[in-house]
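Per chain, numbering begins at 1; letters A, B, ... match sequence-line order.
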There are 2 protein chains.
Amino acid sequence: MSVPLPAETSTDDIGTRLKLVRQIFGLTQRELARRAGVTNGAISLIEQNRVSPSISSLKKILDGIPLTLADFFTLDFSPSDEVFFTAAELTEIAYQPEMSMRLVGRKAKGRALGMLRETYQPGADTGDTMLRHEGEECGIIVSGSLTVTVGVQERVLNPGDAYYFRSDIPHRFRNQGEEPCVLISANSPPTF
Amino acid sequence: MSVPLPAETSTDDIGTRLKLVRQIFGLTQRELARRAGVTNGAISLIEQNRVSPSISSLKKILDGIPLTLADFFTLDFSPSDEVFFTAAELTEIAYQPEMSMRLVGRKAKGRALGMLRETYQPGADTGDTMLRHEGEECGIIVSGSLTVTVGVQERVLNPGDAYYFRSDIPHRFRNQGEEPCVLISANSPPTF
DNA sequence: TCCTTGCGTTTAGTATTTTCAACAATTTAC
DNA sequence: GTAAATTGTTGAAAATACTAAACGCAAGGA
């Protein structure tokens, strides 16, 4: 993984936009072509902006992701700056000598979150068919380290580090370290 | 005017969707073609769903309206049932013997509106280059009658009748009666 | 090293869309 | 009423998009 950070895509740069979306969902041109029922060559040409696809083709392709035309033109796929936070970037919201509440991402912007304590043994992996579901998702590493992939971004998170992202962006968790990893995670709407 | 009520358009019925949008903005195929720099034949074929336009063509066409691709696929152009209300359909929210407050459209759904008293002399007309601006707009007829056109819909409103619509849908007011028309109107965000 | 596999790209041919021009139907003007 | 103008539609030619197959390249595995 570890794709270079993509720039913002304008509405009329369909090629870059499609490529970005495809990469975010972890698909190759051939795999997407297979799902969509078009040829990989067509996708290649579109992504290079050497042709302007017909609506019917574009729709077929997006159906393979899947993504609606409206979402394709509406959504902002540029990675948010606020996906990752270092331990130092967490907001202390209630400090007492025996306890500390540190909030991920400045302020809880009216989000209703359920919270979990998870343990990943060394080698544990949610798999490379990346997870994807409704809602938002948030977590903080307690001990050990965890490799987290969110769309095109990937980071190894260490104790105190955290993540926050929309769950409909494909994501994956792996413990590539040698000790168990404990993290506190939260999701919305609460699924557990 | 007085176009038959169009049905809801699905995302993949591009033809009907384009036709509806074009009619809402009061353009002929030829006029839109001229603005967009395509031929009228192309628009005709697209509207009949006999071809699936390329993104570049569709974008050129929408630029002639103008409308973004995102808006085209996102916006719900089907006329809301809640555009027009008869006097009897207004919601009485605070009745006292000496005063009555009647609300247009069930409930104020968190909308911030500015309000005006307008008078249209007989023959007055906001013109057929239809008005279009951000925000929402609302009004109620006090005396006289007023012909109001909103997108594809047109109605002659009499005292007590009212309207409520999004201001980015083209609209027009005309007094085709023989006495002055007084109405109370409101808009958001307040522009006066 | 060699072979295999999988990636994005390219090319030539086919399929589709778009233009251009003419058409029929309706409206506007005289 | 007729003529002129305007509307949406259509057919053949030109332009463009899509397919199928091959290419070059890089990464693993014997």
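In this entry the distance linking CD1 of I55(B) with C1' of dA17(D) reads 12 Å, nearest Å. The CG atom of N49(A) sits 15 Å away from the P atom of dT16(D) (whole-angstrom rounding). For the pair R34(B) CZ and dT6(D) P, the computed distance is 13 Å after rounding to whole Å. I61(B) has its CD1 atom 10 Å from the C1' atom of dT18(C), to the nearest Å. Per the geometry, CG belonging to L32(A) stands 17 Å off P belonging to dG6(C), to the nearest Å. The distance between atom CD of E31(A) and atom P of dG8(C), rounded to the nearest whole Å, is 11 Å. If you measure from atom CG of L27(B) to atom P of dG8(D), you get 10 Å, rounded to the nearest angstrom.
Residue-to-nucleotide contacts include no donor-acceptor pair under 3.5 Å from the side chain of R30(A) to the base of dG6(C). With hydrogens and angles ignored, no donor-acceptor pair closer than 3.5 Å exists between the side chain of N40(B) and the base of dT7(D).
Taking 4.0 angstrom as the limit, Q29(A) places none of its side-chain polar atoms (N or O) nearer than this to OP1 or OP2 of dG6(C). OP1 or OP2 of dT10(C) sits under 4.0 Å from a side-chain N or O of R50(A). Considering only side-chain N and O atoms, R22(A) lies under 4.0 angstrom from the phosphate OP1 or OP2 of dG8(C). Put simply, S54(A) has a side-chain N or O that comes within less than 4.0 Å of OP1 or OP2 on dC18(D).
Nearest nucleotide to the side chain of Q48(A), out of dT18(C), dT9(C), dC18(D): dT9(C). Nearest to the side-chain atoms of S57(B) among the listed nucleotides dT18(C), dG8(C), dC18(D) stands dT18(C). Of the candidates dA22(D), dT11(C), dT19(C), dT11(C) carries the atom nearest the L45(A) side chain, counting heavy atoms from C-beta on. Minimum atom distance to the side chain of S52(B) is reached by dT17(C), of the listed dC18(D), dT10(C), dT17(C). Minimum atom distance to the side chain of S44(A) is reached by dT9(C), of the listed dT9(D), dT9(C), dA17(D).
T28(A) comes within contact range of the sugar-phosphate backbone alone, with a heavy-atom separation under 4.0 Å but no base atom that close.
Atom-to-atom distance recorded for I61(B):CD1 and E47(B):CD is 8.5 Å, nearest 0.5 angstrom. Rounding to the nearest 0.5 angstrom, the gap separating the CD1 atom in I46(B) from the OG atom in S57(B) is 6.0 Å. Separating the NZ atom in K19(A) from the OG atom in S44(A) is a distance of 8.5 Å, to the nearest 0.5 Å.
With D13(B) contributing its side chain and T16(B) its backbone, the two residues share a donor-acceptor pair below 3.5 Å.
The 5' end of DNA chain D is approached more closely, in terms of each residue's nearest nucleotide, by I43(B) than by the other of S56(B) and I43(B).
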For residues 35-43 of chain B, tabulate all N or O donor-acceptor pairs below 3.5 Å that involve a side-chain atom, not counting sequence neighbours.
unit_1: R35(B); atom_1: NE; unit_2: E31(B); atom_2: OE2; d: 3.0
unit_1: T39(B); atom_1: OG1; unit_2: A42(B); atom_2: N; d: 3.4

